[in-house]
S.K.: 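Encoded as structure tokens, here's the structure I'll be asking about.
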Amino acid sequence: MVGSLRYRGSDIVESMETSKRETLMDEKIYVAVTGKDLESKSSLVWAIQNSGGKEFCIVHVHQPIQISVPGEMFHEQKLRLYRKEKEKALKNLDKYLHICRQMQVTAEIISIEMDSVEEGILQLISQRGVTKLVTGAAADRHYSMRMKDLQSKKAIYIHREAPATCHIWFTCKGYLICSREARRTDNFYLEYSSSNTLSQSKITRETESVPSSSIVKDDAETSKRKARFEASKREEAEKSAVDALKKAKQWEAVYFEELKQSYTVIRKLQEKNNLSMETLRRLREEQEELKIKLREVSKLKGKREEEEVSPSNHREPPQYFICPITQDIMEDPHVATDGFTYEREAISGWFARGHETSPMINKRLPHTSLVPNLALRSAIQEWLQVPESLNKSSACKSEHF
């Protein structure tokens with residue numbers, strides 16, 4: 001609260017008034033810092049190197065974490081979290097003191113708790129009659145060579161609402177961004193220290209009391225300042241709500257787009273699965289047919305073992321042993337999606353030359369995957385081994401006779 005005391009009397013009273021004013025105006029250099037690990041180191045170093053002061057006061061406004069946990073059973077947990085956060089902040093403040101000792105200046109720490117950092121700094125300025133303050137214009141990570149104005153909302157608020165008697169320097173990353181000069185008058189000064197003591201002294205008769213109109217005016221200014229602060233807080237909350245709503249709508253659009261793409265992928269996978277099942281069915285049918293043919297081959301093998309076959313005797317292979325492309329007996333038969341069996345190298349070469357149709361029915365194939373025809377390959381190998389066994393049996397008979 002700002003007030004004025006006018007003394008009418010001797011020079012002794014005037015000297016007491018001057019001494020009073022000097023004690024009320026604190027000439028220490030106050031540096032506002034955050035509780036994070038040396039985040040405000042650049043502001044403190046700038047103040048020590050450029051202010052010319054020897055006594056500094058490190059100011060920290062601690063914002064306690066808001067934990068809304070119902071029930072008394074969580075009280076100890078909340079208290080433990082609070083103590084842990086408080087100890088961490090004090091350790092970080094000790095680091096600032098260590099910097100002051102290294103730079104050979106005297107410093108002390110003032111730490112208070114408030115929900116609003118800017119309101120806490122303004123309260124300290126008013127209570128302690130701060131006349132010199134160094135604070136951040138923005139976080140160091142936001143600094144640029146083009147930076148000329150305040151970027152932090154807290155800095156803007158302090159620049160606008162701080163008492164006129166306080167000279168404020170706003171820095172960022174070790175550079176002075178801007179400053180606000182103090183405006184002093186001879187008739188007004190802060191009266192938070194000992195105005196009640198003076199009013200009770202022997203010179204009460206020679207003094208004039210503080211006008212009630214100035215008190216009302218100061219209360220009105222304080223109310224306006226608080227109203228503006230609350231209004232700015234509401235604007236920030238409304239802006240945050242609007243931004244959150246926009247982000248929610250964006251995420252909703254992204255979610256539905258991804259969901260649509262997922263349905264498309266699932267549908268394609270189902271189509272491929274149906275095609276694979278159809279191919280498997282056809283392969284099973286062909287396998288059954290091959291089993292029947294294998295039984296027939298076994299019967300033929302038994303009959304031919306009873307006959308004498310000369311080495312020069314050539315047999316005609318079954319037609320299903322012949323590759324439709326090479327017209328030779330297949331060594332590595334594979335089944336394509338058209339249901340026909342081909343020599344693997346032959347059908348692979350057919351696809352490599354750019355064909356996407358069946359060599360047999362000339363229809364477009366759904367894909368070029370091949371499946372080994374193991375049953376037919378076994379049948380072909382057994383058929384090829386029949387002459388060799390028969391020749392051996394013939395040789396044995398010749399020796400016997």
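All residue numbers refer to positions in the sequence shown, counting from 1. Excluded from the calculations below are hydrogen atoms, water molecules and symmetry mates; all remaining heavy atoms, backbone and side chain alike, are included.
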S.K.: Determine all donor-acceptor pairs shorter than 3.5 Å in which one atom belongs to a side chain in residues 44-54; sequence neighbours excluded.
M.R.:
from  : atom 1 : to    : atom 2 : distance (Å)
Asn50 : ND2    : Trp46 : O      : 2.9
Ser51 : OG     : Ala47 : O      : 2.4
Ser51 : OG     : Gly53 : N      : 3.4

S.K.: Determine, stepwise, if the pair Glu119 / Arg225 fulfils salt bridge (Lys or Arg N to Asp or Glu O under 4.0 Å).
M.R.: CA-CA 10 Å; Glu119 284 292 334; Arg225 179 161 56 82; 3.5 Å; yes
S.K.: Can you pull out every ring pair (Phe, Tyr, Trp, His ring centres under 6.0 Å) where at least one residue sits in residues 95-139? Sequence neighbours excluded, please.
M.R.: none
S.K.: Can you list, pair by pair, the side-chain donor-acceptor contacts under 3.5 Å of residues 275-285, counting residues two or more places apart and other chains?
M.R.:
from   : atom 1 : to     : atom 2 : distance (Å)
Ser276 : OG     : Lys272 : O      : 2.9
Glu278 : OE1    : Arg281 : NE     : 3.4
Glu278 : OE2    : Arg281 : NH2    : 2.2
Thr279 : OG1    : Leu275 : O      : 3.0
Arg281 : NH1    : Glu285 : OE2    : 2.6
Arg282 : NH1    : Thr337 : O      : 3.1
Arg282 : NH2    : Asp338 : O      : 2.6

S.K.: Mind checking salt bridge (Lys or Arg N to Asp or Glu O under 4.0 Å) for Lys363 and listing every partner two or more places apart, or none if nothing turns up?
M.R.: none
S.K.: Do any pairs count as a ring pair (Phe, Tyr, Trp, His ring centres under 6.0 Å) and have a residue in residues 237-262, sequence neighbours left out, and if so which ones?
M.R.: none
S.K.: Can any side-chain N or O of Gln63 pair as donor or acceptor with the backbone N or O of Asp115 at less than 3.5 Å?
M.R.: yes
S.K.: For Glu271, give me all partners under salt bridge (Lys or Arg N to Asp or Glu O under 4.0 Å), at least two apart in sequence or on another chain.
M.R.: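 So Glu271 forms no salt bridge (Lys or Arg N to Asp or Glu O under 4.0 Å) with any residue.
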S.K.: Is the backbone N or O of Cys166 less than 3.5 Å from a side-chain atom of Thr131, with the two atoms forming a donor-acceptor pair by type?
M.R.: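 Pair absent, no side-chain N/O of Thr131 close to backbone of Cys166.
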S.K.: Walk me through whether Glu343 and Thr326 qualify under side chain to side chain donor-acceptor pair (under 3.5 Å).
M.R.: CA-CA 8 Å; Glu343 179 66 31; Thr326 63; over 6 Å; no
S.K.: Okay, side chain of Asn274, backbone of Gln270: is any donor-acceptor separation there less than 3.5 Å?
M.R.: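 Looks like yes, one N/O pair under 3.5 Å.
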S.K.: With a 4.5 Å cut-off on side-chain heavy atoms, are Glu286 and Thr341 touching?
M.R.: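 Yes, side chains in contact.
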S.K.: Among residues at least two apart in sequence or on other chains, which ones pass salt bridge (Lys or Arg N to Asp or Glu O under 4.0 Å) with Arg180?
M.R.: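 With sequence neighbours excluded, Arg180 shows a salt bridge (Lys or Arg N to Asp or Glu O under 4.0 Å) to no residue whatsoever.
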S.K.: Suppose we screen for ring-ring contact (aromatic ring centres under 6.0 Å, His included). Which residues come up paired with His167, at least two apart in sequence or across chains?
M.R.: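 Here the qualifying residues are Trp169.
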S.K.: Mind checking what makes ring-ring contact (aromatic ring centres under 6.0 Å, His included) contact with Phe229, not counting sequence neighbours?
M.R.: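 ring-ring contact (aromatic ring centres under 6.0 Å, His included) check on Phe229 returns Tyr157.
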S.K.: Can you list every pair that meets ring pair (Phe, Tyr, Trp, His ring centres under 6.0 Å) and has a residue in residues 345-367, with sequence neighbours left out?
M.R.: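 Found Trp350-His355.
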S.K.: May I ask you to check whether Tyr342 and His334 place their ring centers less than 6.0 Å from one another?
M.R.: no
S.K.: Can you sort out the partners of Arg234 under salt bridge (Lys or Arg N to Asp or Glu O under 4.0 Å), two or more places apart, ordered by chain and number?
M.R.: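 Testing Arg234 for salt bridge (Lys or Arg N to Asp or Glu O under 4.0 Å), a comparison that skips the adjacent residues, returns none.
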S.K.: Output yes when a side-chain donor or acceptor of Gln327 lies under 3.5 Å from a complementary backbone atom of Pro324, and no otherwise.
M.R.: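 Yes; at least one donor-acceptor contact below 3.5 Å.
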S.K.: I need the full list of salt bridge (Lys or Arg N to Asp or Glu O under 4.0 Å) pairs touching residues 251-266, with sequence neighbours left out, sorted by first then second residue.
M.R.: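 Residue pairs passing salt bridge (Lys or Arg N to Asp or Glu O under 4.0 Å), neighbours aside: none found.
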